[in-house]
Amino acid sequence: MTESPREAGAEPLAVLIVGAGFSGLAMAIRCRQAGIGPLRVIEKADSIGGTWYDNTYPGAACDIPSHLYSLSFAPKADWSRMYAPQAEILAYLRETAERHGLMPLTQLGTTFQGARWDEAGAVWHVETDRGPITTRAIVSGMGGLHHPAYPTIPGRDSFTGPAFHTAAWDHSVGLAGKRIGIIGTGASAIQVVPELARIAGHLTLFQRTPPWIMPKNDHAIAERAKTRYRRLPLARRLERARLFWLHEVRAVLGFTRVSKLTGQAEAVARRHLARAVPDKDLRAKLTPNYRLGCKRVLISDDYYPALQRRNVTLETGGIARITETGLATEDGRTHDLDVIVYATGFDITATFARMDLVGRGGQRLKEIWADGMGAYQGITVAGFPNYFMLLGPNTGLGHNSVVSMIEVQVQHVLDCLKALRRGTRAIEVRPEAQARFLDRIRARLADSIWQAGGCKSWYLDAQGRNATLWPDSVMAYRRSARRARMADYRLG
Ligand code: NAP
């Protein structure tokens, strides 16, 4: 259900939450439980769900186990599989929002355009495409992975057939029997390739960099286990804890810096490749030449088999241009196609570049961040009182469930919102606390695998700095950020 936007001049909201994906919904639930209001969630799409509403490509699923990739305070006992498909995760988010009474507070189809801090009134004046909103605090649950990135290949607009991005799937296009070209071999591509290979007349996959791929071992969760999780919440919590520590240990020991374990993990991935792909030439094309962990480590059991189907070709020569009828590769060959699928990832800087946030003294967030993004605990920025980010800079994860990070951040923000409820008009991180935090993580990032692993990835910005990932364990982040230390904030 939607309500009409609040008129300028009406009593301000206590909190405006932007985005109704995992982050925004988690924040809204916690605010309601803490009695913080009036509260509103705005969402640009016509449904809640965030990334799980946008990404409907065939094969879309989560590569983190479902019992871990869900909110600890909104558990689901009957996940169908170890790694739930997109539709089930979306249904979970919808049910969770309904159960916690969030729908009446949620205004769909409303895009956040920017906000200006009003020092005298200690409120934010927010602009949306459906009118202004005044609020004491803003929590951004916008995430970074929702503006599809299209490659800058010459001739991209000249292709006359259907062409679309994995995150904006065109379900009206029939793909059975078609000649399909897929560009990209990241987390989205390896899920969609096996699905399209089954139905395509011919599928050509254009790879620039081969990913490291570990076995997935996905399976349906037995009815017995579901019943046990339903009857014994402790059993479900233990399963979640088991999965958490499995990912945590793997990450701390092997996936954040080059270590002995990196080599061991690479050996596992190489064996996986060798078992799956007997052909030496194809195996060579699929063998990465950078360290495992430098890019997101992928998991799949059906990607390598799909590449060996008779109707599938892997092209590793660079793409020279896109033509009216397909693609031309740098080796001079042309590839006639009926459909092009861009599995080319997201433009994370676009999210921030598009919104205009004007803080204290007229300073603009995008100008402050022109040389690189950064925030205290990834959540708050000096000069921007009462503005909080979920999954902000340096709080992404490549190795564990981001939902664990979101829950830490939600707790931190709640501490700040409670301070506002106790009569504080504005809460703003002290610049020196922010600088100390950023120095600490930048030092830790210096020898991280993303910097030293010999690859290029979207984790690094144009200057080669990593402003996307948390460089440590989830537990370390929990210790660092779970409680908002009031000494690091200026309360006014
Ligand atoms: P991605 O990891 O950024 O992969 C993009 C792919 O497109 C890469 O293989 C890249 O090659 C290729 N590419 C980009 N421009 C190209 C060009 N001009 N020519 C040829 N190839 C080009 O994007 P994604 O697969 O959508 O994944 C993005 C993120 O979304 C993931 O890291 C993850 O955080 C999230 N995700 C998660 C799941 C999940 O199951 N949890 C699933 C999907 C996505 P290079 O490697 O050479 O750059």
Side-chain angles (χ1 to χ4, degrees), residues 21-22 50-52 54-66 68-70 81-86 88-89 143-156 164-169 181-193 195 204-214 216 218 247 255 285-286 288-290 293-300 303 314-322 327-330 335 340-349 391 395-403 405 450 453-460 466 468-470:
F22 256 104
T51 203
W52 297 104
D54 291 344
N55 285 271
T56 59
Y57 57 83
C62 188
D63 60 9
I64 296 288
S66 318
L68 184 57
Y69 192 81
S70 41
R81 306 190 65 79
M82 190 67 170
Y83 299 93
Q86 170 266 337
E88 190 175 0
I89 301 172
L145 300 177
H146 54 100
H147 287 292
Y150 293 89
T152 50
I153 300 171
R156 195 162 66 75
F164 45 86
H165 194 276
T166 45
W169 200 262
I182 301 185
I183 303 176
T185 51
S188 303
I190 69 151
Q191 294 181 342
V192 78
V193 163
E195 298 299 317
T204 311
L205 177 62
F206 296 88
Q207 169 188 282
R208 187 164 65 181
T209 314
W212 283 103
I213 303 177
M214 303 286 254
K216 185 168 185 182
D218 188 16
H247 286 73
F255 286 10
K285 287 183 183 177
L286 292 169
N289 64 352
Y290 57 91
C294 186
K295 286 170 178 279
R296 187 183 174 94
V297 180
L298 307 184
I299 55 171
S300 175
Y303 178 71
L314 178 71
E315 286 295 336
T316 54
I319 302 167
R321 61 184 188 288
I322 298 180
L327 292 183
T329 35
E330 282 165 359
H335 307 266
I340 297 178
V341 172
Y342 293 103
T344 43
F346 298 89
D347 181 354
I348 49 164
T349 46
L391 292 186
T395 62
L397 286 182
H399 60 262
N400 204 339
S401 170
V402 285
V403 179
M405 298 294 275
W450 310 295
C455 78
K456 268 202 207 143
S457 75
W458 62 266
Y459 296 150
L460 307 184
N466 188 335
T468 51
L469 290 185
W470 172 247

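Given the structure is predicted, the values throughout are model-derived calculations rather than measurements. As the structure lists them, so they are numbered: ligands from 1, and atoms in each ligand from 1.
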Proximity flag [X] to ligand 1, non-hydrogen atoms under 4.0 Å:
{"X": "W458", "result": "yes"}
{"X": "T166", "result": "no"}
{"X": "K295", "result": "yes"}
{"X": "Y57", "result": "yes"}
{"X": "T185", "result": "yes"}

Problem set entry | Contact (N/O only, under 3.5 Å) between P151 and ligand 1 |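 P151 vs ligand 1: no N/O contact under 3.5 Å.
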Exercise. N/O to N/O below 3.5 Å, does that happen between R208 and ligand 1?
Worked result: yes
For this session: For the pair T51 and H146, evaluate side chain to side chain donor-acceptor pair (under 3.5 Å) and give the outcome as yes or no after the intermediate values.
Result: CA-CA 7 Å; T51 203; H146 54 100; over 6 Å; no
Residue portion contacting ligand 1 (non-hydrogen atoms closer than 4.0 Å) for [X]:
{"X": "F206", "answer": "neither"}
{"X": "A61", "answer": "backbone"}
{"X": "Q191", "answer": "side chain"}
{"X": "L145", "answer": "side chain"}
{"X": "Q207", "answer": "neither"}

Identity and separation of the nearest protein heavy atom to [atom]:
{"atom": "atom 26 (O) of ligand 1", "value": "S188 OG, 2.6 Å"}
{"atom": "atom 47 (O) of ligand 1", "value": "T209 OG1, 2.4 Å"}
{"atom": "atom 31 (C) of ligand 1", "value": "R296 CD, 3.8 Å"}
{"atom": "atom 20 (C) of ligand 1", "value": "I183 CG2, 3.7 Å"}

Problem set entry | Heavy-atom neighbours of R321 CZ exceed 12 at 6.0 Å |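 12 or below, so no.
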Seminar exercise, completed: Residues at least two apart in sequence or cross-chain that pass ring-ring contact (aromatic ring centres under 6.0 Å, His included) with Y83, listed by chain then number, are none
Exercise. Quick one: which of T51, D63, I319 has a heavy atom closest to atom 39 (C) of ligand 1?
Worked result: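 When every heavy atom of T51, D63, I319 is considered, D63 comes closest to atom 39 (C) of ligand 1.
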Problem set entry | Winner among G186, G345, A343 once heavy atoms are compared against atom 7 (O) of ligand 1 | A343
Seminar exercise, completed: Counting from 1 in the order shown, the ligand 1 atoms closer than 4.0 Å to a non-hydrogen atom of F346 are 26 (O), 28 (C)
Problem set entry | Euclidean distance, L145 CG relative to F346 CZ, rounded to 0.5 Å | 6.0 Å
Exercise. What pairs with Q86 under side chain to side chain donor-acceptor pair (under 3.5 Å), at least two apart in sequence or on another chain?
Worked result: none
